[in-house]
Amino acid sequence: MENKIPELTFEQALAQLQELVKKMESGALPLADSVAAYDTGMKLKTYLEQMLKEAELKIEQLKVNE
């Protein structure tokens with residue numbers, strides 16, 4: 001999945017993260033799968049945070065250029 005994360009839209013990445021959290025919270029995943037899901041979730045979280053930072057910077061630039 002990590003190679004495909006940059007190809008995701010914000011909404012797709014968020015939906016995947018929410019699904020992973022739901023699966024992990026349900027306790028339905030075996031330990032090894034939970035660890036892998038956690039790793040993927042952290043990568044998605046980092047990706048989402050970066051996208052939000054970029055959006056905030058663009059908004060700030062637009063405000064400055066008004």
Side-chain angles (χ1 to χ4, degrees):
M1 167 171 296
E2 72 184 70
N3 294 335
K4 294 182 181 179
I5 289 176
E7 298 172 10
L8 298 175
T9 66
F10 181 87
E11 292 79 9
Q12 291 169 328
L14 183 59
Q16 284 190 16
L17 181 57
Q18 290 171 329
E19 187 62 31
L20 283 173
V21 169
K22 199 181 305 182
K23 286 180 183 177
M24 291 174 67
E25 288 179 341
S26 75
L29 294 176
L31 181 59
D33 291 345
S34 290
V35 171
Y38 180 83
D39 182 52
T40 300
M42 291 304 294
K43 290 174 184 168
L44 286 165
K45 177 188 160 288
T46 300
Y47 175 68
L48 290 164
E49 287 175 339
Q50 183 61 39
M51 290 184 78
L52 286 173
K53 280 183 190 175
E54 290 173 10
E56 287 174 357
L57 285 174
K58 286 179 184 177
I59 290 169
E60 287 302 316
Q61 289 173 347
L62 290 171
K63 286 181 181 179
V64 170
N65 292 330
E66 286 185 342

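When reading the values below, keep in mind they use all heavy atoms of this one structure, side chains included, and skip hydrogens, waters and symmetry mates.
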Side-chain polar contacts of residues 53-66 - donor-acceptor pairs under 3.5 angstrom, sequence neighbours left out - could you list them?
unit_1: E54; atom_1: OE2; unit_2: Q50; atom_2: NE2; d: 3.2
unit_1: N65; atom_1: ND2; unit_2: Q61; atom_2: O; d: 3.1

Which atom pairs, donor and acceptor, lie under 3.5 Å between side-chain atoms of residues 17-29 and protein residues at least two apart or in another chain?
unit_1: S26; atom_1: OG; unit_2: K23; atom_2: O; d: 2.7
unit_1: S26; atom_1: OG; unit_2: A28; atom_2: N; d: 3.2

- Query: With sequence neighbours excluded, what pairs up with E11 under the salt bridge (Lys or Arg N to Asp or Glu O under 4.0 Å) test?
  - Reply: none
- Item | same_hphob_cluster(L52, L44) at 4.5 Å side-chain heavy-atom cutoff | yes
- Message: If you count every heavy atom of other residues, nucleotides or ligands that lies below 6.0 Å from F10 atom CZ, does the total exceed 12?
- Response: yes
- Message: Within this structure, what is the OG1-NZ distance for the pair T40 and K43, rounded to the nearest 0.5 Å?
- Response: 6.0 Å
- Would you name the heavy atoms of Q12 and E7 that are closest together and state the gap between them? OE1-O, 4.2 Å
